[in-house]
A.B. asks: 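Quick one: the structure is below, and I'll ask about it shortly.
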2 protein chains.
Amino acid sequence: MQVPGSAFAENKNVRSILEFIARRELQPGQRLPSERELVKLLGTGRNSLREAMKVLEAMGILDIRHGSGIFLRKAGFQPGQDAAIWLVVHKNEICNALTVREALDLRAIDLIPPRDYPAVERRLQETLDALEGVAPVGEALLDHDLEFHNIIRRASGNELLLNICVALTGNLYDERRVLFGRKDRVELSLREHAQIARAFGQGDAALVKQAYAAHLASTRASIEAVYPIPDANH
Amino acid sequence: MQVPGSAFAENKNVRSILEFIARRELQPGQRLPSERELVKLLGTGRNSLREAMKVLEAMGILDIRHGSGIFLRKAGFQPGQDAAIWLVVHKNEICNALTVREALDLRAIDLIPPRDYPAVERRLQETLDALEGVAPVGEALLDHDLEFHNIIRRASGNELLLNICVALTGNLYDERRVLFGRKDRVELSLREHAQIARAFGQGDAALVKQAYAAHLASTRASIEAVYPIPDANH
DNA sequence: CGGCAAAAGTGATCCTACCAATTTTTCTCC
DNA sequence: GGAGAAAAATTGGTAGGATCACTTTTGCCG
């Protein structure tokens, strides 16, 4: 866990670079002028410019490639309007990350309008079917699992919720790898996924939530079995 | 919304600073050696060092104060083990931010052990009492409101949940300012806060949750009245 | 046309010098 | 001796130049 403070757009140079990108309407993938040119265009020193560049690189907004140039990775961040959250999640807070993800995942279900259930069921079934012919190996399973849950998160219509869950899942990388290396756990997960998809097909909101809650509980139990929580919430 | 991507610890200089902090076992609030000294200690140039410093400052790990020094804000971040999550919340996603915050706030209540209810009630009452003598002006009210909810989030024992909620609240700065400028809304909020505190005092979990849910719903209604949601979730 | 080497362009690092804000020390005056 | 102001020292902030390392482009040669 830890901190944030979206206090970042305080940096004058960072802001001026973002404004430059917005003014030129640069698109993702496009190259920015070279450092030596930008220095003239923005009227700043090369050091200050580079410091700001490094911050934007760490944020994932810029992609700096030695020898070839600086490229825009993500477009249109507005320092004045938008907010940036930088969370530092400590490894010994697996339990907290799990709890947050569960809370958001369960809420996502409530947000899905019942009329979308058939479409959700179809998409869920597709990812399950795609896994049929494939040998159940680590990477493919990790991808399937993430995509399965993302379908539901996306159906909630809340992209922020989706992004937070994805970020937290990325934080649980090691744990998930270990989990999906166990044959019994994999089979259980797939059975539970199928059950969730079926519940969507039946159009029963209560059943969906129950099946999803059961899957979350079972997942948590498996993780805690492998990684005993040193200091549980209470 | 936008992206996560915790890819950051790639930076060699950032890592060496973090390792330095870990090696010296520096605690939050402590001062690091001056830039010119660190340059000698880490065997790097001042520019490269500063670039890394700026990244860590943007992440909220360091606090750089012109003229006085560089201070550690958050301790012990381990590049290999821990994860940094960067979220960008767009301004046109007020509705999504509200939804996420509500989901986490409600979950926080479930996480509070009933035996802690009396302590929570006492702390909530203190912030309410502190507001008594004071003229109900904007800033003081914003602070009270944030602290009131943070007491509950803190009581959940989940610091990650607390941090996300705080960040999202910061993102709703404008909306909250407008809201707390309205006398009727302020009085309603304070009444609801008092009711929540009372529910904790009575030790009734269901009552607490009901009162809290009512407060969240009422707050959302007020915000939506002022800022009509262009594209509601559903 | 293809391949290879040179040249140009770009970011990476280091250095020096100086500016700006803060803290500490020193000195003056009462 | 104490208080306050001035001076000095410390610290981060900015600028620019020189050079290294990597990539892309150019152009020569076969």
Side-chain angles (χ1 to χ4, degrees), chain A residues 3 5 7-21 24 26-75 79 86, chain B residues 5 7-21 23-24 26-75 77 79:
Chain A
V3 44
F8 99 102
E10 311 303 329
N11 190 313
K12 189 182 60 177
N13 296 304
V14 169
R15 227 185 4 253
S16 80
I17 295 174
L18 288 172
E19 280 163 9
F20 176 86
I21 293 172
R24 295 262 179 127
L26 294 182
Q27 298 304 309
Q30 271 192 283
R31 215 195 82 179
L32 276 70
S34 72
E35 289 183 356
R36 291 162 177 86
E37 277 186 60
L38 268 177
V39 162
K40 296 172 196 161
L41 290 170
L42 300 180
T44 175
R46 196 162 166 219
N47 283 357
S48 310
L49 179 73
R50 278 182 57 81
E51 287 168 9
M53 289 289 199
K54 286 294 183 178
V55 171
L56 288 170
E57 184 192 33
M59 285 171 59
I61 290 179
L62 295 182
D63 181 15
I64 305 179
R65 300 180 208 156
H66 188 175
S68 53
I70 302 164
F71 299 81
L72 183 60
R73 204 195 285 270
K74 315 219 174 267
W86 207 325
Chain B
F8 98 104
E10 310 304 329
N11 190 312
K12 188 182 63 177
N13 295 304
V14 168
R15 234 190 354 259
S16 81
I17 294 174
L18 288 172
E19 281 163 8
F20 176 86
I21 292 172
R23 201 180 324 127
R24 294 262 178 129
L26 294 182
Q27 298 305 310
Q30 270 192 282
R31 216 195 82 178
L32 276 70
S34 71
E35 289 184 356
R36 291 162 177 87
E37 277 185 59
L38 268 177
V39 161
K40 296 172 196 162
L41 290 170
L42 300 181
T44 177
R46 196 168 162 214
N47 282 5
S48 308
L49 179 73
R50 278 182 57 83
E51 287 168 10
M53 289 289 200
K54 287 293 183 178
V55 171
L56 289 170
E57 183 192 32
M59 286 175 62
I61 290 181
L62 295 183
D63 181 16
I64 306 179
R65 302 181 205 155
H66 189 175
S68 55
I70 302 165
F71 298 81
L72 183 61
R73 204 194 286 268
K74 309 282 170 194
F77 178 69

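Below, chains carry the letters A, B, ... as their sequence lines are ordered, and counting in each starts from 1. Values reported hereafter were calculated over all heavy atoms of this structure, with side chains retained and with hydrogens, waters and symmetry mates removed.
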A.B. asks: So A:Q27 and A:L72, do their side chains get closer than 4.5 Å, heavy atoms only?
C.D. replies: no

A.B. asks: Kindly indicate whether the side chain of A:M53, heavy atoms from C-beta on, has any atom under 4.5 Å from the side chain of A:L38.
C.D. replies: yes

A.B. asks: Between A:I64 and B:S48, who's closer to the 5' end of DNA chain C by nearest nucleotide?
C.D. replies: A:I64

A.B. asks: What is the distance, to the nearest angstrom, from the CG atom on A:N13 to the C1' atom on D:dT14?
C.D. replies: 9 Å

A.B. asks: Quick one: salt bridge (Lys or Arg N to Asp or Glu O under 4.0 Å) partners of A:R31, sequence neighbours excluded?
C.D. replies: none

A.B. asks: Within a strict 4.5 Å, meaning less than it, do heavy atoms of the A:K54 and B:K54 side chains meet?
C.D. replies: no

A.B. asks: Name the nucleic acid region contacted by B:G45, choosing base, sugar-phosphate or nothing; use a 4.0 angstrom heavy-atom cut-off, strictly under.
C.D. replies: sugar-phosphate

A.B. asks: How close or far is atom P of D:dG12 from atom CG of B:D63, stated in whole angstroms?
C.D. replies: 12 Å

A.B. asks: So, under a plain 3.5 Å distance rule, would you say the side chain of A:N47 forms a donor-acceptor pair with the base of D:dG13?
C.D. replies: no

A.B. asks: Which of these, A:L41, A:V39, A:I70, sits in a side chain to side chain contact (heavy atoms under 4.5 Å, CB included) with A:P33?
C.D. replies: A:L41

A.B. asks: Between residues 31-42 of chain A and DNA chain C, which residues have a heavy-atom gap below 4.0 Å?
C.D. replies: A:R31, A:S34, A:E35, A:R36

A.B. asks: Side chains of B:K74 and B:L62: closer than 4.5 Å at any heavy-atom pair?
C.D. replies: no

A.B. asks: Take atom NE2 of A:H66 and atom P of D:dA21, then tell me their distance rounded to the nearest Å.
C.D. replies: 9 Å

A.B. asks: Taking 4.0 Å as the cut-off, does a side-chain nitrogen or oxygen of A:T44 come that near to OP1 or OP2 on D:dA15?
C.D. replies: yes

A.B. asks: Which heavy atom of B:I64 sits nearest a heavy atom of B:E57, and at what distance?
C.D. replies: CB-OE2, 3.7 Å

A.B. asks: So, do A:R65 and A:F71 sit near enough that their side-chain heavy atoms are less than 4.5 Å apart?
C.D. replies: yes

A.B. asks: Would you mind reading off the distance between B:I70 atom CD1 and D:dT10 atom P, rounded to a whole angstrom?
C.D. replies: 17 Å

A.B. asks: Find out whether B:L56 and B:V14 are in side-chain contact, i.e. whether some heavy atom of one side chain is under 4.5 Å from a heavy atom of the other.
C.D. replies: yes

A.B. asks: Which part of the nucleic acid, if any, lies within contact of A:R46, taking any heavy atom under 4.0 Å across all strands shown: a base, the sugar-phosphate backbone alone, or nothing?
C.D. replies: base

A.B. asks: A:K12 has an atom NZ; how far is it from atom P of D:dG12, in whole Å?
C.D. replies: 18 Å

A.B. asks: How would you give the extent of chain B contacts on DNA chain C, as first and last nucleotide 5' to 3' within a 4.0 Å heavy-atom cut-off?
C.D. replies: C:dT13 to C:dT23

A.B. asks: If only side-chain N and O atoms of B:K54 are considered, is one of them under 4.0 Å from the OP1 or OP2 phosphate oxygen of D:dG13?
C.D. replies: yes

